[in-house]
Amino acid sequence: GNRVCPGPPGGRFAVAGDADHRSRHGSIIPYRLKGETVGFMSSLIRLVPITDEIYVATSRRYVTNSTVILDGHGGALVIDPAWDADELAAIPEDLRSLGVRCVAGLSTHMHYDHVLWHPDLGEVPRWASAGTVEAINSRRQELLEPLVGDIPENLIALAGHLVPISGPVLDWRGPRAVIHEHDAHARHHIAVEIPDLGLLISGDMLSDVELPMPDSADQTLKTYRGG
């Protein structure tokens, strides 16, 4: 999931991370909107346009965002789709309403809430860094175990079937999408920069409401600052 944060002047955006997430002990962290009491989202939020090419759907879980980028040719790149079964199902429904179809997916990192999928999105390439693909393939049960009991088994079975990105730029028909790999929030994490749209999709980074969440092995935060 990602959070849309206003960027500097000039119409830039950063889709940056979950507005809220699990604590270290796995509990749900409440959120607070301006003028409201602490609470939890419960309604289904559909895709909302940020620009003509960028759409975001916000999950009721931890205010996690799914990001959709239109390629201008009837296709869409779906990044970090999340989370509940009805929310995952709503993404392809909304794409059909927009008159487009999913042509590819992308996971910014290996955490279980960023490798989800829905069958109606289709059998398309679902990209991630080579290191993320290797981690999911070798540690699948461990990495996906937190999903058990949260979403249906058929959706857990679909999670994490990723292929490595080839090269520093995505091979798709949409605007140029540059891949930046780092180890800040998770090993082999990637951010996607789309210069023509003034967009950076960083996946659980740069949140304006939560503390930084470095990888557990990063005890000095040097790696996080580098990312």
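Every heavy atom of this structure was used, including side-chain atoms; hydrogens, water molecules and symmetry mates were not. Positions are given from 1 along the sequence.
The minimum heavy-atom distance linking Pro195 with Glu193 is given by the pair CD-O, 3.3 Å. Residues Ile91 and Ala82 approach most closely at CD1-N, 4.4 Å, considering heavy atoms. Across all their heavy atoms, Leu70 and Pro175 have their closest contact at O-CD, 3.9 Å. Scanning both residues, His118 and Pro92, for their nearest heavy atoms gives ND1-CG, 4.2 Å. Nearest heavy-atom pair, Leu162 versus Val133, reported as atom, atom and distance to 0.1 Å: O-CG1, 3.7 Å. Contact between Arg140 and Ala159 at its shortest, heavy atoms only, is NH1-O, 2.7 Å.
Distance CH2/Trp83 to CG/Asp150: 6.5 Å, rounded to 0.5 Å. Distance check, rounded to the nearest 0.5 Å: OG of Ser107 to CD1 of Ile190 gives 8.0 Å. Rounding to the nearest 0.5 Å places OG1 of Thr67 at 5.0 Å from CD1 of Ile201. The CE atom of Met110 lies 7.0 Å from the CD1 atom of Ile136; values are rounded to the nearest 0.5 Å. Rounding to the nearest 0.5 Å places CG of Leu199 at 5.0 Å from CD1 of Ile194. In this structure, Thr108 OG1 and His185 NE2 are separated by 7.5 Å, a value rounded to the nearest 0.5 Å.
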Derivation and outcome, side-chain contact (heavy atoms from CB on, under 4.5 Å), residues Asp120 and Leu95: CA-CA 10 Å; Asp120 290 346; Leu95 294 182; over 6 Å; no
Verdict with reasoning, Val68 to Val78, per side-chain contact (heavy atoms from CB on, under 4.5 Å): CA-CA 5 Å; Val68 169; Val78 179; 4.2 Å; yes
Stepwise side-chain contact (heavy atoms from CB on, under 4.5 Å) test for Val192 and Leu77: CA-CA 12 Å; Val192 184; Leu77 171 65; 5.5 Å; no
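Ion pair Arg61/Asp113 not flagged as a salt bridge, since none of the NZ, NE, NH1 or NH2 atoms sits closer than 4.0 Å to an Asp/Glu carboxylate oxygen.
In this structure a side-chain-to-backbone donor-acceptor pair under 3.5 Å is present from His189 to Gly203.
For Pro152, the side-chain contact (heavy atoms from CB on, under 4.5 Å) partners at least two apart in sequence or on another chain are Ala85, Asn154, Leu155. With sequence neighbours left out, the salt bridge (charged side-chain N to carboxylate O under 4.0 Å, His left out) criterion links Glu142 to Arg139. Judged as a side chain to side chain donor-acceptor pair (under 3.5 Å), and not counting sequence neighbours, the contacts of Glu134 are Ser138.
Applying the salt bridge (charged side-chain N to carboxylate O under 4.0 Å, His left out) test to every pair with at least one member in residues 87-100, sequence neighbours left out, gives these pairs: Arg46-Glu93, Arg46-Asp94, Arg60-Glu87. Residue pairs meeting the side chain to side chain donor-acceptor pair (under 3.5 Å) criterion with at least one partner in residues 165-174, sequence neighbours excluded, are His73-Arg173.
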Show which side-chain atoms of residues 121-128 pair as donor or acceptor with protein atoms under 3.5 Å away, not counting sequence neighbours.
unit_1 : atom_1 : unit_2 : atom_2 : d
Arg126 : NH1    : Leu158 : O      : 2.9
Arg126 : NH2    : Val115 : O      : 3.4
Arg126 : NH2    : Leu158 : O      : 2.9

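The only option from His182, His114, His188 that meets the ring-ring contact (aromatic ring centres under 6.0 Å, His included) definition with His109 turns out to be His114.
With hydrogens and angles left out, the side-chain atoms of Asp80 and Ser66 include no donor and acceptor closer than 3.5 Å.
Counting heavy atoms from C-beta on, the side chains of Leu47 and Val56 never come closer than 4.5 Å.
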